[in-house]
Amino acid sequence: MRYVIIGAGPAGVVAAETLRSRDPGGEIFLIGDEPEPAYSRMAIPYLLAEQIEESGTHLRHDPNHFEGLDIHRKHERVKRVDTGSGRVILAQGGEMEYDRLLLASGSRAVSPPIDGLDQPGIHHCWTLADARNIAEHAVTGARVVLMGAGFIGCIIMESLVKRGVELTVVEMGDRMVPRMMDQVAGNLIKQWCIERGVDVRTSTRVLSVEKPGPDGTGFLLRCEGAVESLQADLIVVATGVVPAIEYLEGSGLETATGVLVDEQLQTSVAGVYAAGDLCEGFDWSTGERSVNAIQPAAVETGRIAALNMSGAEIPYKGGLGMNVLDTMGLISTSYGRWMGMEGGDSASLLDQEGYRYINLQFQEDLLVGAITLGMTEHVGVLRGLIQSRVRLGLWKQRLLDDPTKIMEAYLGSTQLNGQ
Ligand SMILES: Cc1cc2nc3c(=O)[nH]c(=O)nc-3n(C[C@H](O)[C@H](O)[C@H](O)COP(=O)(O)OP(=O)(O)OC[C@H]3O[C@@H](n4cnc5c(N)ncnc54)[C@H](O)[C@@H]3O)c2cc1C
């Protein structure tokens, strides 16, 4: 049996290792287009903060790891997949046949259509190559503009500050992390960052970027909103990612935002599976399809897809949409339908000065979503209550009165439900 895996990130690596453990005689090819040893993007903030060396980002530390497992690593870009004949077409010429194929090509960073944003000296923060470019220019005293205060923007902010730069964050939304936090939490995160010396401009849109800036160096960003213009020596663009699926055009595979998969992570074509950031499976909390682009989901789907590719029949229970974010030391979490549901109820408690906030969202007596800020003690319980869809009964009213009673509600309602 010949297995071909496209993408050597966490999903692809775990899949290759799982395949080897399941099929000692199978041929395994792990194809990736980045010139690096397989690495974890999650480690990039630590690299930028100079807490680790590049080797610290590597997923496996033994340079002979894949060779030792008889996994063939190929540094190639896949240009096309021909599902009819079971072949993968490589960008440098050549092709490979497969019996089972895993798509694990992750996401790619995207830029908004802004004049001047494609000039040299403007970088995403998605790959190790991006991190090297940022590290070269983010030096003490450099004026850095970070475009986008989403998940990735917030994660790298602390590393940039630790490098001693003068940091300005420009966010188009009316608060920070608008796709993960409500108004109260997003504004508290903004206040937290401002207190730590970051100039945060929300409801502000970059209109164009010119080079050089008025002082003959760097860039001039023309903006609309809380500021008219900004000067920068370095611009970091963290305005979002999309599944890397362009090469699948014409393959006959069903796609929406990502690659659609069934419960066993098989795509619409038999023998072709998908895992990681690009796969679009079912979300626990909503019952709808979604892309759950986080590393734990990549590892888990990589493992389960490989088990199924090698003959098992294991369902993937789906991911609960859940995010944990550390913004310069302030921990925030959001789960499921944190934005609430039509006709649903909600409860919240805010301690503005103490940077503590909790918001719960209910549908009837089910907890369907939550946000916390500055409190990590409820993470497991909130996740458990939402994921297991425990009927809260009387505990719903008690939580409406005091949303911090989440542990008591969990214990009370799971006993009630005999769970
Ligand atoms: C700065 C940063 C911080 C992050 N922090 C966190 C965090 O704290 N928690 C968390 O859960 N997640 C975090 N993430 C997200 C996490 O890194 C991703 O969810 C994870 O990498 C997804 O793994 P993957 O294997 O699906 O894809 P990837 O890691 O993206 O790997 C896919 C690989 O496939 C390659 N590829 C793409 N197209 C092709 C092609 N046509 N041919 C060959 N190869 C191809 C890509 O270049 C890449 O090397 C962070 C990401 C970044 C950038």
Side-chain angles (χ1 to χ4, degrees), residues 4-16 29-49 57-59 73-81 88-92 96 101-110 123-131 134-135 146 148 150-160 180 236-249 251 258-259 265 273-281 291-303 305-306 319 321-327 331-333:
V4 172
I5 299 169
I6 305 174
V13 165
V14 168
F29 288 89
L30 179 59
I31 308 176
D33 63 354
E34 291 186 79
E36 338 285 351
Y39 70 95
S40 168
R41 305 195 192 288
M42 261 179 82
I44 287 176
Y46 304 98
L47 176 67
L48 284 176
T57 68
H58 297 170
L59 284 167
R73 271 282 270 132
K74 272 177 113 46
H75 175 211
E76 296 263 8
R77 176 158 188 78
V78 173
K79 189 169 78 176
R80 202 161 59 78
V81 172
V88 159
I89 321 300
L90 303 170
Q92 291 159 4
M96 292 186 68
L101 177 66
L102 179 68
L103 310 170
S105 46
S107 319
R108 65 179 174 81
V110 285
H123 302 286
H124 289 291
C125 186
W126 190 247
T127 63
L128 259 186
D130 292 334
I134 292 171
L146 172 62
F151 185 70
I152 299 296
C154 284
I155 285 180
I156 61 171
M157 213 179 286
E158 186 167 7
S159 318
L160 292 170
M180 181 181 147
V236 179
V237 182
T239 47
V241 296
V242 293
I245 56 173
E246 301 74 14
Y247 67 98
L248 298 176
E249 219 183 296
S251 64
V259 176
L265 300 171
Y273 293 74
D277 272 12
L278 64 46
C279 88
E280 189 165 345
V291 171
N292 194 14
I294 55 171
Q295 185 151 324
V299 169
E300 184 63 357
T301 52
R303 191 180 68 82
M322 172 179 167
N323 290 294
V324 180
L325 176 63
D326 177 349
T327 313
I331 309 291
S332 54
T333 65

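All ligand and atom numbering here is 1-based and tracks the order in the structure.
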- line: closest protein heavy atom to atom 34 (O) of ligand 1 is G7 CA, 3.2 Å

- request: Examine V78 against ligand 1 and note whether any of their N/O atoms are separated by less than 3.5 Å.
  value: yes

query: Considering only protein heavy atoms, which is closest to atom 26 (O) of ligand 1, and at what distance to one decimal place?
result: D277 N, 2.9 Å

Side-chain (H75) to main-chain (D33) donor-acceptor, under 3.5 angstrom: yes

- prompt: P10 to ligand 1: N or O pair under 3.5 Å?
  reply: yes

message: Just so I know, are the side chains of S107 and V291 near enough to count as touching, which here means a heavy-atom distance under 4.5 Å?
response: no

query: So, the side chain of S251 versus the backbone of R80: is there a donor-acceptor pair under 3.5 Å, distance only?
result: no

query: What protein heavy atom is closest to atom 10 (C) of ligand 1, reported as residue, atom name and distance in Å?
result: Q295 N, 3.5 Å

message: How close do S159 and P45 get, counting heavy atoms only, and between which atoms?
response: OG-O, 2.9 Å

message: Working to the nearest 0.5 angstrom, can you tell me the gap between L265 CG and L103 CG?
response: 11.5 Å

message: Below a 4.0 angstrom heavy-atom separation, can you tell me which part of D33, side chain or backbone, both or neither, approaches ligand 1?
response: both

Identity and distance of the protein heavy atom lying nearest atom 53 (C) of ligand 1: W126 CE3, 3.0 Å

- prompt: For ligand 1, which atoms, with element, lie under 4.0 Å from some heavy atom of I155?
  reply: 5 (N), 8 (O)

- prompt: What distance do T57 atom OG1 and R41 atom CZ have between them, rounded to the nearest 0.5 Å?
  reply: 10.5 Å

- line: Across all chains, not counting sequence neighbours, the ring-ring contact (aromatic ring centres under 6.0 Å, His included) partners of F29 are H72

Interatomic distance, L325 atom CG to I152 atom CD1 [nearest 0.5 angstrom]: 9.5 Å

message: Distance under 4.0 Å to a non-hydrogen atom of Y247: what atoms of ligand 1 satisfy this?
response: 41 (N)

- prompt: Looking only at heavy atoms, is any part of A104 under 4.0 Å from ligand 1, and if so is it the side chain, the backbone, or both, or is it neither?
  reply: backbone

field: Separation between CZ of R108 and CG of D277, rounded to the nearest 0.5 Å
entry: 13.0 Å

query: For atom 50 (C) of ligand 1, which candidate among I152, L103, L248 provides the closest heavy atom?
result: I152

message: To check your reading of the model: name the closest protein heavy atom to atom 49 (O) of ligand 1, its residue, and the distance in Å.
response: E34 OE2, 2.6 Å

field: Atoms of ligand 1, numbered as shown, that sit under 4.0 Å from any heavy atom of C125
entry: 1 (C), 53 (C)

query: Can an N or O of P296 be found at a distance shorter than 3.5 Å from an N or O of ligand 1?
result: no

- line: atom 6 (C) of ligand 1 sits nearest the protein heavy atom M42 CG, 3.0 Å

- request: Report, in ascending order of atom number, the atoms of ligand 1 lying under 4.0 Å from any heavy atom of G276.
  value: 26 (O)

query: Short question: side chain of T301, backbone of G276 - any donor-acceptor pair under 3.5 Å?
result: yes

field: Value rounded to 0.5 Å, distance of CD1 in I294 from CG in N323
entry: 6.5 Å

Atoms of ligand 1, numbered as shown, that sit under 4.0 Å from any heavy atom of I294: 11 (O), 19 (O)

query: Ignoring hydrogens and geometry, is there a side-chain-to-backbone donor-acceptor pair from H123 to V236 under 3.5 Å?
result: no

Heavy-atom nearest option to atom 48 (C) of ligand 1, drawn from R80, E246, R41, E76: R41

Identity and separation of the nearest protein heavy atom to atom 38 (N) of ligand 1: S105 CB, 3.4 Å

message: With heavy-atom distances below 4.0 Å as the criterion, list the atoms of ligand 1 near A298.
response: 22 (C), 23 (O), 26 (O)

Which residue and heavy atom of the protein sit nearest atom 25 (O) of ligand 1, plus the separation: A11 N, 2.9 Å

- prompt: Does K79 come within less than 4.0 angstrom of ligand 1, counting non-hydrogen atoms of the residue?
  reply: no

- request: To the nearest 0.5 angstrom, please state how far the CG atom of L90 sits from the NZ atom of K79.
  value: 9.0 Å

query: So, the side chain of T327 versus the backbone of C154: is there a donor-acceptor pair under 3.5 Å, distance only?
result: no

task: Can you sort out which atoms of ligand 1 are near A293, meaning under 4.0 Å from one of its heavy atoms?
output: 19 (O)

field: G32 neighbourhood, listing ligand 1 atoms whose heavy-atom distance to it stays under 4.0 Å
entry: 44 (N)

